[in-house]
Amino acid sequence: MPDSPVFMSIRDLGRLVRDREVSPVQLAEIFLARLENLGPDYNAVVTVTGERAMQQARRCEQEIASGRYRGPLHGIPFGVKDLLATSGGIPTTWGAAPLRNQTFDYDATVIRKLEAAGAVLAAKLAMVELAGGAGYWQPDASFTGPGITPWDKTRWSGGSSTGSGAATAAGLVPFAIGSETMGSIMSPSSNCGVTGLRPTYGRVSRYGAMALSWTLDKLGPLCLTADDCGLVLEVIAGPDPKDPTTTKRTFSYDDADVGSRRFRLGVLEDVADNTDRATRHNFERALETLGEVAEIEEVSFSDLPHEAINYTILFAEASSAFDEIVDSGMLGELTAPEDRFGSYSRVAVLAKDYIKAMRLRRLMAENADEVMSRFDALVGPSRAGIAPPLHQDFRKASRGGRKDVMLSVGNGAGLPAISVPSGFSSEGLPTGIQFMGRAYEENAILAVARSYQSLTDWHQRHPPDLLSS
């Protein structure tokens, strides 16, 4: 075997597997051991699916030996956020203590597509209970414990895809699947120093995924590079008759060399206001770097209550999605004290307010498309600050009520975005920069992100104590 495959990109691992320099069985053994031995250090893993993984790895090895190579994901281990249904008696807990033994007799479409491409399911990964739908205020909101970033064991990995971010950053899996309703891919990507892609709403089937908000939920990959995100998205994207919200559009990843291409990027005039010092400094430095390959122009969105629109929709839909859970009384068994009552208040959202929010949402989407029509992407910090301490109450650290317009518009309008590492703070914690595109223009933001990563090496840096683990 060549040097350790840990922290190698999917692209590079795929070449080794294709050329039979490393076997799928060897990869499975390496990453299953890391999941078992290191996963508890970051509260990143719910279930290691060892038996299933080894069966799949052996099958992959036989297929490749016989000349049936399926593509760059063939034989590559992966993990999924534990809101995706898995068959075979493997629990799907939704991060919630009262559901720790919940099982399904089918696999989520995303898992089926990945396995059809030859990827090997190695783990169900930790998450904030009910994907944050009960309104958690602090990191300790999962029966597996607070998610921990591999860069500092006293800091949060970000939510609600806590394990997906931490496991990828710690080299427990080459890539993971997370979900986003309002920041749950962007947040752990930034806090853990990995690359995370939120696809266009409807680009990826959600069949078999826990519903939080039917018109906001999205599934996407967390990887080491933007290129890897493109490879994974090509596999999981596409229509699904079991999810009527999926688009009929297909997606083919354009991985052509961006070379000397120049991009047009927009920057919201106040996008870095009220971010912490490291985030703002690294963002400004990233803009200077991007100036080598892009024309950058300041822009603004219309004056709409973007955040209020989204949360009205989210709260109304979540109250319906969790109706049975609320009625069952199991909220009282959740880990975070605030989650035991948070869902009750959301029942009070009025139908007229929900309808008004949906109407304003259309205006928000139309304005966003008009503003972004001249650009390959809008650029901004992925999050307002570095990973917070594990004991921090989010309400007391909201930085003066900062409104994240890119987060609100991006999720409300269902737009794709990718977060990539942009540097580190003085404490050695990663920061992220995001590129957001128009609907269905994932290839555009992937090209910008790949170009940025060709000019920087932040994505090639990994937690020092894990490099020799």
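Numbering of residues begins at 1 and proceeds along the displayed sequence. All values reported here derive from a predicted model rather than from experimental measurement.
Listed by first and then second residue, the salt bridge (charged side-chain N to carboxylate O under 4.0 Å, His left out) pairs that reach into residues 63-76 are Glu63-Arg70, sequence neighbours excluded. Listed by first then second residue, pairs satisfying ring pair (Phe, Tyr, Trp, His ring centres under 6.0 Å) with a partner in residues 53-73 read Tyr69-His74, not counting sequence neighbours. Counting only residues at least two apart or in different chains, salt bridge (charged side-chain N to carboxylate O under 4.0 Å, His left out) contacts with residues 109-127 comprise Arg52-Glu115, Asp82-Lys124. Contacts classified as ring pair (Phe, Tyr, Trp, His ring centres under 6.0 Å) and involving residues 209-260 (residues at least two apart or in different chains) are not found. Among residues at least two apart or in separate chains, ring pair (Phe, Tyr, Trp, His ring centres under 6.0 Å) pairs with a member in residues 186-210 are Tyr106-Tyr207. Annotation: ring pair (Phe, Tyr, Trp, His ring centres under 6.0 Å) contacts involving residues 6-48, sequence neighbours excluded, comprise Phe7-His462.
Under the side chain to side chain contact (heavy atoms under 4.5 Å, CB included) rule, Val379 has a single partner from Leu268, Leu290, Val448, which is Leu290. No option in Thr289, Thr279, Ile433, Leu287 other than Ile433 meets the side chain to side chain contact (heavy atoms under 4.5 Å, CB included) test with Ser422.
Glu317 and Ser213 form a side-chain donor-acceptor contact under 3.5 Å, judged by distance and modelled atom types alone. There is a side-chain donor-acceptor pair under 3.5 Å between Ser419 and Ser382. Checking Thr162 against Lys81 by side-chain atom types alone, no donor-acceptor pair falls below 3.5 Å. Using a 3.5 Å distance cut-off with no hydrogens or angles, the side chains of Thr245 and Asp243 do pair a donor with an acceptor. Counting only N and O atoms by type, the side chains of Thr181 and Asp217 include a donor and acceptor under 3.5 Å apart. The closest side-chain donor-acceptor pair between Asp107 and Thr86, if any, does not fall under 3.5 angstrom.
When side chains are defined from C-beta on, Asp276 counts as touching Ile386, because their heavy atoms get closer than 4.5 Å. Asp257 is not listed as a side-chain neighbour of Arg450, based on a closest heavy-atom distance of 4.5 Å or more. Using a 4.5 Å heavy-atom cutoff, the side chains of Cys223 and Cys229 are in contact. Ile418 is listed as a side-chain neighbour of Leu446, based on a closest heavy-atom distance under 4.5 Å. Under the 4.5 Å side-chain criterion, counting only non-hydrogen atoms from C-beta, Phe424 is not in contact with Thr431. Leu378 places none of its side-chain heavy atoms less than 4.5 Å from the side chain of Gln434. Residues Val45 and Pro40 fail the side-chain proximity criterion, which asks for heavy atoms closer than 4.5 Å. At a threshold of 4.5 Å between non-hydrogen side-chain atoms, the residues Phe78 and Leu73 do not count as touching.
Heavy atoms of other residues, nucleotides or ligands lying less than 6.0 angstrom from CZ of Arg277 number 12 at most. Counting non-hydrogen atoms of neighbouring residues, nucleotides and ligands closer than 6.0 angstrom, the CZ atom of Arg285 exceeds 12 such neighbours.
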From CA spacing to verdict: side chain to side chain donor-acceptor pair (under 3.5 Å), Ser161, Glu180: CA-CA 8 Å; Ser161 305; Glu180 173 152 327; over 6 Å; no
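We find that Arg264 and Asp376 are not joined by a salt bridge, their nearest charged nitrogen and carboxylate oxygen being 4.0 Å or further apart. Ion pair Asp240/Arg206 not flagged as a salt bridge, since none of the NZ, NE, NH1 or NH2 atoms sits closer than 4.0 Å to an Asp/Glu carboxylate oxygen. Taking the charged nitrogens against the carboxylate oxygens, Glu21 and Arg15 have no contact shorter than 4.0 Å, which rules out a salt bridge. Contact check on Asp369 versus Arg438 returns a salt bridge, with a Lys/Arg side-chain nitrogen under 4.0 Å from an Asp/Glu carboxylate oxygen. Using a 4.0 Å cut-off between charged nitrogen and carboxylate oxygen, Arg461 and Asp457 count as a salt-bridge pair.
Ring pair Tyr136/Trp156 is perpendicular by interplanar angle, where above 60° counts as perpendicular and below 30° as parallel.
Judged purely by atom type and a 3.5 angstrom limit, Ser23 uses its side chain to pair as donor or acceptor with the backbone of Gln26.
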